[in-house]
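These notes concern the structure reproduced below.
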2 protein chains.
Amino acid sequence: MSRARNDATDQLSFELHTTARLLRRNYDRRARAHGLTRSKWQVLWSLAREEGVKQAELAERLDVAPISLTRQLDILEQEGLLVRRRDEQDRRCFRIYLTAAAQPALTTLRELAELTRGEALAGLSFEEIVQLKSLLERIRLNLGKEE
Amino acid sequence: MSRARNDATDQLSFELHTTARLLRRNYDRRARAHGLTRSKWQVLWSLAREEGVKQAELAERLDVAPISLTRQLDILEQEGLLVRRRDEQDRRCFRIYLTAAAQPALTTLRELAELTRGEALAGLSFEEIVQLKSLLERIRLNLGKEE
DNA sequence: CCATTTTAATAAGCATGCTTATAATAAGTC
DNA sequence: GACTTATTATAAGCATGCTTATTAAAATGG
């Protein structure tokens with residue numbers, strides 16, 4: 001690869017990190033007033049799509065290390081937004097369920113997401129968003145291949 | 001915006017974060033053997049492009065909070081890869097310079113970046129990379145507008 | 001010229017997510 | 001059935017980056 005192409009792709013990597021960080025910062029600033037964060041929003045969002053999953057499954061779905069998820073769940077459980085229930089078939093595992101208190105939080109977080117999204121994606125067409133998502137997904141799959 | 005579009009763009013946000021995190025993890029695992037990280041690589045890379053900048057300028061360039069940069073510089077200075085020199089015109093500021101020891105580190109980090117890049121971008125055309133970068137840049141600029 | 005405001009860098013404290021190590025349980029093997 | 005291996009969740013410790021607060025120096029305004 002030429003130096004010029006290397007530079008272009010180095011810049012891509014920095015661009016990717018910076019954009020992700022700014023996006024997180026934007027969302028976290030909004031969520032802070034509610035005692036929540038982008039990271040917890042992602043956990044709750046995933047559980048809203050499918051409850052009753054094991055921690056290991058959830059971690060896999062979120063593409064985070066299991067221990068990274070553990071602490072998030074500790075806090076969210078402590079705040080009463082979810083519960084861990086022992087799996088009776090496999091007593092090593094917990095299955096995670098949202099509580100009733102999670103519903104209004106989800107509604108709020110969804111609204112905040114819309115605000116951040118509105119700022120972030122201003123001027124991008126739906127087609128561009130879809131394409132961006134698709135390109136990122138290919139990179140993510142490349143990186144997740146051998147884990 | 002419809003719920004379907006919201007979902008698509010929520011997913012974009014998660015995709016962006018996950019991809020960035022996996023990219024960082026991939027690079028950090030390689031850099032670890034050399035006592036460095038992706039974040040420090042980015043600082044050194046920026047300085048390699050232009051030395052003698054003030055911390056505030058560098059932070060602005062990297063799009064990080066000044067205090068976030070301070071600690072990175074502390075460590076990199078301690079490791080002898082850069083030096084802070086007082087600006088004699090404005091004694092509040094330091095100007096940052098790379099040391100000779102930074103050169104071999106830069107070479108190594110550049111090689112590691114190429115490895116991560118090779119994995120991450122497998123199957124993407126140069127045109128796709130350029131487009132991805134451009135889309136991310138637009139989002140970054142949207143988010144950086146009022147700071 | 002002095003007082004106020006702004007800017008540059010740092011400090012303290014918090015949240016995320018990693019690596020490596022550990023305890024408990026399940027699954028596989030002899 | 002007993003022993004070994006693999007899996008699930010957690011603990012300890014580290015790196016990044018944020019918010020809010022602080023200190024020193026410069027810029028501004030009266």
Side-chain angles (χ1 to χ4, degrees), chain A residues 14 17-43 53-79 84-96 143 147, chain B residues 14 17-43 53-79 84-96 143 147:
Chain A
F14 297 156
H17 280 99
T18 303
T19 306
R21 194 160 36 67
L22 293 182
L23 202 57
R24 168 161 55 84
R25 191 162 77 182
N26 186 294
Y27 190 84
D28 282 349
R29 282 177 181 169
R30 299 181 199 278
R32 191 163 209 233
H34 307 273
L36 285 164
T37 61
R38 193 213 65 86
S39 173
K40 296 190 173 62
W41 159 229
Q42 185 160 358
V43 173
V53 293
K54 301 190 292 180
Q55 289 189 204
E57 286 168 3
L58 186 55
E60 164 111 29
R61 194 162 303 185
L62 299 174
D63 246 318
V64 297
I67 182 66
S68 301
L69 182 62
T70 297
R71 201 169 22 178
Q72 295 287 14
L73 294 180
D74 288 347
I75 300 170
L76 289 168
E77 186 170 32
Q78 208 174 335
E79 289 176 352
R84 286 170 164 109
R85 291 195 205 135
R86 274 283 177 208
D87 183 320
E88 290 305 322
Q89 269 65 56
D90 183 345
R91 296 193 50 76
R92 292 170 302 182
C93 320
F94 291 107
R95 301 212 167 254
I96 313 297
L143 291 171
E147 298 246 8
Chain B
F14 297 156
H17 281 98
T18 302
T19 305
R21 194 159 36 67
L22 294 182
L23 202 56
R24 168 162 55 84
R25 192 163 76 183
N26 186 295
Y27 190 84
D28 281 349
R29 282 178 181 168
R30 300 182 200 277
R32 192 161 208 232
H34 307 274
L36 286 163
T37 61
R38 193 212 66 85
S39 173
K40 297 190 172 63
W41 158 229
Q42 185 160 355
V43 173
V53 294
K54 301 189 294 181
Q55 289 189 204
E57 287 168 2
L58 186 55
E60 164 111 28
R61 196 162 304 185
L62 298 174
D63 246 319
V64 296
I67 182 64
S68 301
L69 182 63
T70 296
R71 202 169 21 177
Q72 295 286 14
L73 295 180
D74 288 348
I75 299 170
L76 288 168
E77 186 170 34
Q78 209 174 335
E79 289 177 351
R84 285 169 163 112
R85 293 196 203 133
R86 273 284 176 207
D87 184 318
E88 289 305 323
Q89 267 65 55
D90 184 345
R91 297 193 51 77
R92 291 171 302 181
C93 319
F94 291 108
R95 301 212 167 254
I96 313 297
L143 291 172
E147 298 244 7

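This one's a predicted model, so the numbers in the text were calculated from it and none came from an experiment. Order of the sequence lines fixes the chain letters, A, B, ..., with proteins taken first and strands second; residue numbering starts at 1 for each chain.
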Residues at least two apart in sequence or cross-chain that pass salt bridge (Lys or Arg N to Asp or Glu O under 4.0 Å) with Arg95(B), listed by chain then number, are Asp87(B)
Applying side-chain hydrogen bond (donor to acceptor under 3.5 Å, both in side chains) to Arg61(A) and not counting sequence neighbours gives Glu50(A)
side-chain hydrogen bond (donor to acceptor under 3.5 Å, both in side chains) filter on Arg71(B), not counting sequence neighbours, yields none
Asp63(B) meets the salt bridge (Lys or Arg N to Asp or Glu O under 4.0 Å) criterion, sequence neighbours left out, with Arg140(B)
Taking salt bridge (Lys or Arg N to Asp or Glu O under 4.0 Å) as the definition, give me every residue that meets it alongside Arg85(A), ordered by chain and number, with sequence neighbours left out.
none
Provide a list of protein-nucleic acid N or O atom pairs under 3.5 angstrom, restricted to nucleotides 5-9 of chain D.
from	atom 1	to	atom 2	distance (Å)
dT7(D)	O2	Arg92(A)	NH1	2.8
dT8(D)	OP1	Lys54(A)	NZ	3.3
dA9(D)	OP1	Gln55(A)	N	3.4
dA9(D)	OP1	Phe94(A)	N	2.9
dA9(D)	OP1	Phe94(A)	O	3.3
dA9(D)	OP2	Ala56(A)	N	2.6

Opening and closing nucleotides of DNA chain C in contact with chain B, under 4.0 Å to non-hydrogen atoms:
dT7(C) to dT20(C)
For Arg32(A), which contact category applies under a 4.0 Å heavy-atom criterion: base, sugar-phosphate, or nothing?
sugar-phosphate
Under 6.0 Å from the CD atom of Glu79(A), do we count more than 12 heavy atoms belonging to anything else shown?
yes
As a test of your reading of the structure, name each stem of DNA chain C as range with range, where a stem is three or more consecutive Watson-Crick or G-U pairs at under 3.5 Å.
C:1-30 with D:1-30
Mind checking what makes side-chain hydrogen bond (donor to acceptor under 3.5 Å, both in side chains) contact with Arg30(B), not counting sequence neighbours?
Asn26(B), Thr116(B), Glu119(B)
Side-chain donor-acceptor pairs of residues 31-38 of chain B under 3.5 Å, sequence neighbours excluded:
from	atom 1	to	atom 2	distance (Å)
Thr37(B)	OG1	Lys40(B)	N	3.2
Arg38(B)	NE	His17(A)	NE2	3.4
Arg38(B)	NH1	His17(A)	ND1	3.3
Arg38(B)	NH1	Gln42(B)	OE1	2.8
Arg38(B)	NH2	Gln42(B)	OE1	3.1

With nearest nucleotide decided by heavy atoms, which residue, Ser68(A) or Glu88(A), maps closer to the 5′ end of DNA chain C?
Ser68(A)
Which distance, rounded to the nearest 0.5 Å, do you find between the CG of Leu62(B) and the CG of Leu69(B)?
6.5 Å
Just verifying a value: how many Å separate Gln72(B) CD and Glu77(B) CD, rounded to the nearest 0.5 Å?
13.0 Å
Residues that Gln78(A) engages under side-chain hydrogen bond (donor to acceptor under 3.5 Å, both in side chains), provided they are two or more places apart
none
Just call it for Arg71(B): base, sugar-phosphate, or nothing, with non-hydrogen atoms closer than 4.0 Å on any strand.
base
Within residues 34-42 of chain B: residues closer than 4.0 Å to DNA chain D (heavy atoms):
Thr37(B), Ser39(B), Lys40(B)
